[in-house]
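Below: one structure, written as structure tokens.
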Amino acid sequence: MAEIYDLIILGAGPAGITAAIYASRAKLNMLWIEKKFVKGGQIADTYEVDNYPGMPGIGGIDLGEAMAAHAEKLGAVPVRENVVSIELDGEIKIIRTKKSEYHAKALILALGASHRHLGIPGEEEFAGMGVSYCATCDGAFFKDRTAVVIGGGNTACEDAAFLARLCRKVYVIHRRDTLRADKILQERLFAWENVEMVWDSIPLEICGQDQVTGIRVQNVKTGKETQIDTDGVFVAVGIVPNTKLVEGLAELDEGGYIAAGEDGLTSVPGIFAAGDVRTKGLRQVVTAVSDGANAAVSAQKYLL
Ligand code: NAP
């Protein structure tokens with residue numbers, strides 16, 4: 001008969017890693033699954049994390065690796081598999097990957113979130129040909145060239161400041177006249193002389209032939225359309241939760257996030273949600289790790 005784990009954790013971002021650390025210390029018979037080679041989830045795409053206590057200015061990849069190394073020290077290493085479906089009906093939950101089927105009494109969903117797309121002409125067509133969702137991954141291709149960043153949140157500010165170090169010119173296109181990013185990130189961005197803000201503007205179309213050559217934008221106050229010449233477009237307009245696996249199985253909130261409180265309890269007994277995939281007010285590394293700890297402790301209580 002197939003092994004029945006106490007707990008399966010899906011995801012190796014900060015929430016999943018922390019859940020694995022807590023589950024290991026609780027000596028649960030645990031399986032941990034992550035589809036990506038790189039650990040750390042979205043922080044692996046972040047140049048620098050400056051608000052995680054005790055680690056000022058640490059590189060995103062370094063922080064992810066340090067967290068994963070901590071879990072490994074306690075014996076927790078994720079298996080690298082792609083989960084294709086989940087069955088939550090019975091007391092034993094079934095997780096199917098491309099290669100195997102796993103069974104567990106409890107499940108922590110630390111599935112994270114993905115980049116939101118703009119849905120404008122040219123975006124899909126030029127993906128990887130000048131359109132990017134990760135400045136730290138692709139920024140080097142735009143050294144001494146021009147880049148556009150779209151968005152007004154923390155990611156857009158961090159991406160634009162990162163690109164300003166490399167690029168000749170960086171435009172930040174934002175649909176309002178104020179940024180929602182943390183003030184410290186705004187100040188760092190505005191300090192760059194090669195950064196130009198394009199306020200009150202929405203992107204209409206990403207243009208080019210084989211590669212991106214420009215972006216057409218519209219000022220929402222005047223209605224005026226202009227074209228900005230650029231070699232790259234970095235889209236930083238927020239995130240969407242990775243809930244495809246649980247659609248129709250667990251309750252989602254109006255934003256599409258898994259409905260769960262701080263304890264991680266979802267609408268399904270034995271299923272816990274942690275990190276960016278969960279309903280919450282503040283999505284940051286520090287709240288993700290807190291979620292991971294809470295979900296692991298809730299899972300322990302459930303198993304008792
Ligand atoms: P975000 O905070 O949701 O910001 C998204 C930005 O994109 C907003 O400025 C929004 O405009 C704009 N936007 C949304 N849809 C758009 C569209 N269709 N067209 C044009 N603009 C659009 O997303 P984020 O910056 O990716 O951050 C996600 C989460 O991670 C946040 O909770 C953030 O605090 C966190 N994060 C934290 C850090 C850090 O602490 N260092 C770093 C990165 C991310 P409006 O402002 O008008 O809504």
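As the structure lists them, so they are numbered: ligands from 1, and atoms in each ligand from 1. Computed over heavy atoms, backbone and side chain alike; hydrogens, waters and symmetry mates excluded.
- Polar contact check, T155 against ligand 1: a nitrogen or oxygen pair lies under 3.5 Å apart.
- Interface of G152 with ligand 1, defined as ligand atoms under 4.0 Å from a residue heavy atom, comprises 6 (C), 7 (O), 8 (C), 9 (O).
- The cationic group of R116 does not satisfy the cation-pi geometry with Y133, failing either the under 6.0 Å distance to the six-membered ring centre or the 45° limit from the ring axis.
- Interface atoms of ligand 1 facing R180, defined by a heavy-atom separation under 4.0 Å, are 2 (O), 4 (O), 8 (C), 9 (O), 45 (P), 46 (O), 48 (O).
- In terms of heavy-atom proximity, N242 sits nearest to L111 at ND2-O, 2.9 Å.
- Side chain of E123 to main chain of L118: a donor-acceptor pair is present (N/O by atom type, distance under 3.5 Å, no hydrogens or angles).
- Heavy atoms of I202 stay at 4.0 angstrom or farther from ligand 1.
- For the pair K143 and F141, the NZ or CZ position fails the cation-pi test of under 6.0 Å to the six-membered ring centre and within 45 degrees of the ring normal.
- Ion pairing between K27 and D6 fails under the 4.0 Å rule for side-chain N and carboxylate O.
- Remark: side-chain polar atoms of N194 are paired, donor with acceptor, to backbone N or O of C167 under 3.5 angstrom.
- Neither the backbone nor the side chain of A181 comes within contact range of ligand 1; no heavy atom lies under 4.0 Å.
- Using a 4.0 Å cut-off between charged side-chain N and carboxylate O, E87 and R96 make a salt bridge.
- Considering backbone and side-chain N/O atoms, P203 never comes within less than 3.5 Å of an N/O atom of ligand 1.
- When non-hydrogen atoms are compared, ligand 1 lies under 4.0 Å from neither the backbone nor the side chain of V49.
- Proximity annotation for atom 4 (O) of ligand 1: of S201, G153, A156, C157, G153 comes nearest, heavy atoms only.
- Protein heavy atom closest to atom 41 (N) of ligand 1, with residue, atom name and distance, is E158 OE2, 2.9 Å.
- At least one heavy atom of H174 sits less than 4.0 Å from an atom of ligand 1.
- Heavy atoms from both the backbone and the side chain of R283 come within less than 4.0 Å of ligand 1.
- A salt bridge links D291 to R278: one of the charged nitrogens lies within less than 4.0 Å of a carboxylate oxygen.
- Close approach to R176 involves these atoms of ligand 1, each under 4.0 Å from a residue heavy atom: 45 (P), 46 (O), 47 (O).
- At least one donor-acceptor pair under 3.5 Å links the side chain of T136 to the backbone N or O of D45.
- Atom 40 (O) of ligand 1 has as its closest protein heavy atom N51 ND2, 2.6 Å.
- Applying the 4.0 Å criterion to heavy atoms of G238 picks out, from ligand 1, the atoms 3 (O), 5 (C), 23 (O), 26 (O).
- We find that E81 and K35 are not joined by a salt bridge, their nearest charged nitrogen and carboxylate oxygen being 4.0 Å or further apart.
- Protein heavy atom at the shortest distance from atom 16 (C) of ligand 1 is R175 NH1, 3.3 Å.
- Atom 20 (C) of ligand 1 has as its closest protein heavy atom V237 CG1, 3.9 Å.
- With respect to atom 37 (C) of ligand 1, the closest heavy atom belonging to the protein is N154 ND2, 3.5 Å.
- Ranked by closest heavy atom to atom 19 (N) of ligand 1, the top entry among I43, V235, L118 is L118.
- K221 has a carboxylate O that lies under 4.0 Å from a charged side-chain N of D200, or vice versa, which qualifies the two as a salt bridge.
- Salt-bridge formation is not detected for the pair D263/K301: no Lys NZ or Arg NE/NH1/NH2 atom is positioned less than 4.0 Å from an Asp or Glu carboxylate oxygen.
- In summary, the atoms of ligand 1 found under 4.0 Å from a heavy atom of Q284, numbered by their order in the structure, are 34 (O), 37 (C), 40 (O).
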